[in-house]
Structure formats: C-alpha cells, structure tokens
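A quick write-up on the structure given underneath.
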Amino acid sequence: MQKHPSVTGQTAKIGANISNNSGDYIGSDSSAIGNLVLELRSMGLSQNEARVLVSLLVNGQSIASDVSRSTGIQRTEVYQTLYGLQSKGLVFSTFDKPQKYYSLAVGEIVDALIEIKQRALRELAARKGYCEELFCKAIESRVAPRVQSRENYQVLTGMDAICTKIARMILGARSEVLVLVSEKKLRALVYMDVMDRLQSLPESVRITLKVMGWKDSGGSGSSGNGGSNGKQNNNGARNGGAGAPQRYDDMLASGSFVSVDEKAFACDLVGGTPVPLNMVIVDREQIIILPEEQSLDGDQKEFGFYTNTRSLASTFAIVHDQLK
C-alpha cells in the first residue's frame, strides 16, 4: 500500500482553528487540502471522516494521537472515526504497537465511495417490491376512500429533483411528449439520462423536440412519431431522421429536432433581461417550466415549476406547436 509522506516533514495540521460559515474545517496549510475535505464530504463522508482521511493522505501512516493532533479532533472521536472508515474499506491498520493507520490512494477512495453508493442504490431498488408488499398487507383490511386527482403545483429546486420529476412524467406518457429546451439545457437532460427515457418510449407516443438557438442542425425535423409514420431509420431515430438518440453528439449530428429562435420563448424574470424558458409537456396534461439559470448576484440557481392543471398545460402546448 502506497504511503503518503508529510508535505512538511512533520505531521501536517488539517483544519486547525479555521472554519467557514457552515462549520466546515479548512486546512490552514493549503487551500487545496481544505477543498479536498469539502469534496470528500460531498461524496457522503462526515466532517470528521473527511478530515481524518485527508490527514492520513497527507501524513502517511499515523498513530491515532498524531491524527488527533493534525485534525484537532479528540482522540476518542478519532478512534471511532477510524473504525468507521475501516468498515467502509477506506482505511487500514498495521499490527504495530501502537497501531498505525493508513488510507487508500485518492483515486481508490473515490472508486470505493462510488461502489458504496451504487451498492446502496441496488439494495434500495431490491427492497421496492418488499415495501409495496408490506403496504398492501397493511391496508388490505381497510377500505380507503378513493382519492380524486386534484390540480397540483410544485416548485422544484436542483437539477436532480427536476430531472426525477421529468423522468416520472415521461414514464407515464400515453400519447405525446413536447419538449422545448435551450442547447445548454439539452446537454443537462442528456447527462441526467432524461433523453434516454424519451428514446425508450413506445412508438405510439409522439415526441416533438425543439431546441432554441441551435444554428446548424443539419436540417430540421420533428421527433414526433405515431401511426404509419412511427418508423425507425438506420440510427434508431423515429420518423425518418427524427427521434431522441441516446448521445448528445449523435442528436446534433442527426438533426433530430426542430431548431427555433433562441428567444422564441422567453420572459423578463431578472433585471429586465429576457430569460429563455424551457418546458416539457406530457399528454397536454402535465407541464414543467424551467427558466434558464440566471440571477442578479451571479449565483446560478436551478429551479422549475410543475403543474398538472390541464388548461395551463394545453395552453403552453399550443405555444409549443406555434414555435418555429
């Protein structure tokens, strides 16, 4: 196992006496160390776990008291933290007296954390059926009144929440999906696998994708399909050169969308500057509207507005139909 020598020839201090407004400790010896601590925390480690791990990465094999000294964490907490990191397979110990601890290399740590999250997701997916079975057993002796569907309004914050909502909308599509996006938002939807959901829809569902501001689409076409037009060409796109190829570059190369003006659908939301509005409409019954990320302070904020109000969804669908 590779050791990581101290950058100073002695135990490097990790997070001594410096913290940001969130209470996250940042190394006084290097801003890179502080950023590494924050990155590890974003991958699911606790504050103490990230600081202890960075201490071992920087200083190499260390006894618990050295880790405590470099991080400012009490020794009893250091032992608890080291045990947790060992259970995750990120830290190992020697048979020396006193015991010394060492970590995986940075790349191996990231790989291990990815595998931990993937395993947790697989276990969660495997329990879905069991949870549904428990729910059915819990209510089988009760007769609950049928809940009438009501008009619903939601404000979604963050691309993860937005894409999860869009994916659920697309999954329930029966006849039609209308999409209007900027090229920037299209890249995000492809990255988050939303366009793959479109690709997997049955031929009976008509898909129309319009991209604002794309200047060189190699020709325009609608990704709509249905009836006798719902045929596949050589690259798997629908309606003779139209569809939603899985990869972004393939999509641009095939021209499988309609290119419209970059300000075809915009609204003055921030400082009087027109902001493009992206939207996804399903069956003219549900719609999610996504303003392009802009703000007065320069801090980009991703949010969306969802509703299943049919009158609104139908109105915006008509607007979508008219955009050229």
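Computed from a predicted structure; not experimentally measured.
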Interatomic spacing from [atom1] in [X] to [atom2] in [Y] - rounded to 0.5 Å:
X	Y	atom1	atom2	value
Ile162	Leu156	CD1	CG	6.0 Å
Leu85	Ser46	CG	OG	7.5 Å
Arg122	Leu124	CZ	CG	12.0 Å
Glu203	Ile207	CD	CD1	8.5 Å
Leu53	Lys88	CG	NZ	10.5 Å
Leu312	Phe305	CG	CZ	6.5 Å

With no hydrogens and no angle check, is any side-chain donor or acceptor of [X] less than 3.5 Å from a backbone partner on [Y]?
X	Y	result
Glu123	Ala120	no
Thr208	Leu178	no
Asn308	Asn152	yes

Heavy-atom closest pair, residues [X] and [Y]:
X	Y	value
Leu82	Ala64	CD1-CB, 4.4 Å
Gly89	Leu104	O-CD1, 3.3 Å
Pro276	Met212	CB-CE, 4.1 Å

Verify whether one side chain among [X] and [Y] offers a donor that lies under 3.5 Å from an acceptor in the other.
X	Y	value
Ser311	Thr309	no
Ser55	Thr71	no
Tyr102	Ser62	no
Gln61	Tyr101	no

Between [X] and [Y] (salt bridge meaning N to carboxylate O under 4.0 Å), is one present in this structure?
X	Y	value
Lys185	Glu292	no
Glu132	Arg127	no
Glu183	Arg187	yes
Asp66	Arg75	no

In terms of heavy-atom contacts, does [atom1] of [X] have more than 12 from other residues, nucleotides or ligands at under 6.0 Å?
X	atom1	result
Glu115	CD	yes
Lys165	NZ	yes
Tyr153	OH	yes
Arg284	CZ	yes

**OP:** Would you check, one step at a time, whether the test side-chain contact (heavy atoms from CB on, under 4.5 Å) holds for Val52 with Val91?
**Re:** CA-CA 10 Å; Val52 167; Val91 167; 5.8 Å; no
Is [Y] close to [X] at the side-chain level, that is, under 4.5 Å between some pair of heavy atoms?
X	Y	value
Ser103	Leu90	no
Lys210	Val179	no
Ile63	Gln99	no
Tyr306	Met169	yes
Val106	Leu57	yes
Glu302	Thr157	no
Gln86	Ser93	yes
Tyr79	Thr81	no

Subject >> Trace of the side-chain contact (heavy atoms from CB on, under 4.5 Å) decision for Met159 with Leu189 >> reply: CA-CA 9 Å; Met159 208 58 196; Leu189 295 181; 4.0 Å; yes
Subject >> Derivation and outcome, side-chain contact (heavy atoms from CB on, under 4.5 Å), residues Ser182 and Asn278 >> reply: CA-CA 7 Å; Ser182 65; Asn278 307 272; 3.6 Å; yes
Original post:
Should Leu40 and Glu49 be marked as a side-chain contact (heavy atoms from CB on, under 4.5 Å) after you check the CA-CA gap, both sets of side-chain angles, and the distance that decides it?
Top reply: CA-CA 9 Å; Leu40 290 172; Glu49 286 176 330; over 6 Å; no
Original post:
Could you go step by step and tell me if Glu285 and Arg174 meet the salt bridge (Lys or Arg N to Asp or Glu O under 4.0 Å) rule?
Top reply: CA-CA 11 Å; Glu285 297 175 353; Arg174 302 186 306 275; 2.7 Å; yes
**OP:** Check the pair Asp96 / Thr94 against side chain to side chain donor-acceptor pair (under 3.5 Å), numbers first and verdict last.
**Re:** CA-CA 5 Å; Asp96 298 330; Thr94 68; 3.1 Å; yes
**OP:** Establish whether Ile109 and Tyr83 are linked, either directly or via other cluster members, by ILVMFWY side-chain heavy-atom contacts under 4.5 Å.
**Re:**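 Hydrophobic grouping puts Ile109 apart from Tyr83.
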Original post:
For the hydrophobic clusters of this structure (ILVMFWY residues joined by side-chain heavy atoms under 4.5 Å, transitively), does one cluster hold both Leu171 and Val280?
Top reply: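 As far as the 4.5 Å side-chain criterion goes, Val280 and Leu171 are not connected within one cluster.
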**OP:** Before giving the answer on salt bridge (Lys or Arg N to Asp or Glu O under 4.0 Å), spell out for Asp283 and Arg206 the whole-Å C-alpha distance, their side-chain angles and the decisive distance to 0.1 Å.
**Re:** CA-CA 9 Å; Asp283 295 332; Arg206 175 182 173 82; over 6 Å; no
